[in-house]
Amino acid sequence: MSNRVSALSSILRSPMRILGIVLMLVFTAEVGVMLLLPHVVPDFLGESGKAVLDAVLLTMVCAPVLWWVIIGPLRRIAIQEHQRSETIVANASEGIITFDSSGRIVSCNRASSELFAVDAAELVGKTTHSRMADFPRSFETLPCEFRINVDRPDAPPLPVQVSVSDYPSETGQLRIAILRDLTEIQRAEQERLLMARETEALRAQQMATLAQLATGVAHEIRNPLTSIKMLIQVNRGKFADEGLPTDDLELVEQEIRRMERSVNSLLDYARPEQGESKVFPIQDAVGRSVQLIEGRCATQGVELVLECDDRPQSINGDAAQIQQLLLNLMLNSLDAMPEGGELTVAVTSEDSEVQVTVSDTGQGISEAILDKLFTPFATSKPNGVGLGLGICRRIAQSHHGTLTGSNRIPRGAQFRLALPLATQSGGQLRSDDATSSEESCNAC
């Protein structure tokens, strides 16, 4: 039976097919009645009687056939679809209600009654505002999606997201609303924020520890290193005058200089210097940084691409620190492309901030480093200390900005520096600053 209904449902989906079947059945029944009529009609019936008998026979033949072939299967299909829809709605995990133009709830499913913490019988007939005080009252201009709180008896309000759409009906005055519980989503968001705060607190603790460590390193290591370096330089000069080899002493001096750079990086990370704050165009820092790496780009075969806004974008901060930040990002990109590639520096503005993006076509950031990119001592370079990016982020944060890093598709890395634009109260640019910004922008 189900296979026959399924086959008929596929046939009867087209109105033209239904009309064709009806015409064929009526025509066949009429032909059969006309052929049978002369043999069953008494002679005493006139033309009117024959017409009435013809109609009766035609109705008795066509009605059962039409019910069996068309109306019955369509009725079963409609009942099955209705039951299927009711089952889906009743067992849906999200609350579903229908309401009319006055806001009166016409129907609801089990999940919605659980959201409102009342029986479905108590919910039907009530207005949407009785349980959702912030529900929009305008039926015609009802938004398609919004968030409100659901009032529940003896329970705290429940945050839900409401999606509204038209409900197919003859009057066209019904809407259907899908209610999605946001409790778990908000809890996950709060947990994410809590983890972010804990991470920042851990980073602050690391910074405090590094500051104490750097102070001890500065007194206990840097000064003795300076003395050792001076003695080696003096003795290397004496050995050179006496014709003795000085290669070993030169190597020791180079290693001491490398140790000094590591100590200085640690000090810079733990206690960044306080720079002079002023309003200047970001294109100035970009232009100066680019000038410092142009020679190395040419040597490595790296194509340098600059994309700058036509108008100067002014920020409030220390130009030397911003230049140091950008130069570190560009040098990192060059280190990632020893065999050549493309280095792109883009300056764009959006709303109240300016963004400087430094991207390359190197090997990208390894997955092992990506999650702890700005963590102290995390580096993929063989001779790296792992403090450069941390210093860059500290500079960005001290300028009320952000610094983020990610991998590009299909390859390469990208760092994005976002800084707030200088406000009018931050001061006006001097004439020499404006001239310099125009030159930097033209260079870009």
Side-chain angles (χ1 to χ4, degrees), residues 200 203-204 206-208 210-211 214 264-294 306-333 343-359 373-376 387-406 414-444:
E200 290 298 326
R203 184 177 289 111
Q206 290 176 340
M207 291 301 303
L210 278 177
N264 291 333
S265 297
L266 185 62
L267 290 173
D268 292 339
Y269 184 83
R271 295 182 302 178
E273 59 176 315
Q274 299 296 326
E276 179 183 358
S277 180
K278 67 176 182 179
V279 177
F280 67 96
I282 188 66
Q283 283 90 343
D284 284 0
V286 173
R288 294 191 184 100
S289 301
V290 166
Q291 289 177 356
L292 294 174
I293 65 167
E294 284 178 337
L306 303 178
E307 301 174 357
C308 293
D309 279 352
D310 295 334
R311 54 191 178 88
Q313 307 295 330
S314 300
I315 63 172
N316 192 356
D318 183 81
Q321 289 186 0
I322 297 298
Q323 180 180 338
Q324 176 190 354
L325 188 160
L326 296 175
L327 183 60
N328 285 345
L329 296 181
M330 296 178 191
L331 291 176
N332 285 343
S333 296
L343 173 61
T344 303
V345 181
V347 180
T348 58
S349 60
E350 182 177 351
D351 297 333
S352 60
E353 70 176 16
V354 60
Q355 296 182 358
V356 182
T357 304
V358 179
S359 54
L373 191 59
F374 299 96
T375 304
L387 297 175
L389 288 178
I391 295 174
C392 291
R393 170 168 278 191
R394 289 289 300 275
I395 294 175
Q397 292 175 342
S398 66
H399 287 75
H400 308 286
T402 59
L403 178 63
T404 57
S406 60
Q414 174 178 279
F415 287 86
R416 186 182 302 273
L417 171 66
L419 297 171
L421 289 169
T423 58
Q424 295 295 330
S425 59
Q428 300 291 333
L429 286 175
R430 301 192 305 269
S431 60
D432 56 342
D433 289 336
T435 304
S436 177
S437 67
E438 292 179 0
E439 292 176 355
S440 299
C441 192
N442 291 334
C444 291

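Small disclaimer: the values here were computed from a predicted structure and weren't measured.
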> Can you check side-chain contact (heavy atoms from CB on, under 4.5 Å) on F415 and T357, steps first, answer last?
Replying inline: CA-CA 6 Å; F415 287 86; T357 304; over 6 Å; no

>> For a side-chain contact (heavy atoms from CB on, under 4.5 Å) check, start with the C-alpha distance between L343 and I293, then their side-chain angles and the critical distance, and finish with the verdict.
In response: CA-CA 11 Å; L343 173 61; I293 65 167; 3.7 Å; yes

> Given M330 and L292, is the side-chain contact (heavy atoms from CB on, under 4.5 Å) satisfied, shown in steps?
Replying inline: CA-CA 10 Å; M330 296 178 191; L292 294 174; over 6 Å; no

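Rounding to the nearest 0.5 angstrom, the gap separating the NZ atom in K278 from the CG atom in N316 is 11.0 Å. Note that CG of L417 and OG1 of T402 are 7.0 Å apart. Values are rounded to the nearest 0.5 Å. Taken to the nearest 0.5 Å, the OG1 atom of T348 stands 4.5 Å off from the CD atom of Q355. Considering CZ of R311 and OG of S349, their distance stands at 4.5 Å, rounded to 0.5 Å. Interatomic distance, Q414 CD to S406 OG, rounded to the nearest 0.5 Å: 5.0 Å. Annotation: the span from I282 atom CD1 to L421 atom CG amounts to 9.5 Å, rounded to 0.5 Å.
Two residues are said to be in side-chain contact when any heavy atoms from C-beta on lie closer than 4.5 Å; I322 and I315 meet this criterion. Annotation: side chain of D318 is in contact with side chain of H399 (closest heavy-atom distance under 4.5 Å). Side-chain contact between V358 and N332 is absent, with no heavy atoms from C-beta onward closer than 4.5 Å.
When the options L325, L327, L331 are evaluated for a side-chain contact (heavy atoms from CB on, under 4.5 Å) with L329, the one that passes is L325.
Q313 places no side-chain N or O within 3.5 Å of a backbone atom of Q283 that could act as its donor or acceptor partner. A side-chain donor-acceptor contact under 3.5 Å links R393 to the backbone of L403.
Of all heavy-atom pairs between P281 and P312, the closest is CB-CB, 4.2 Å.
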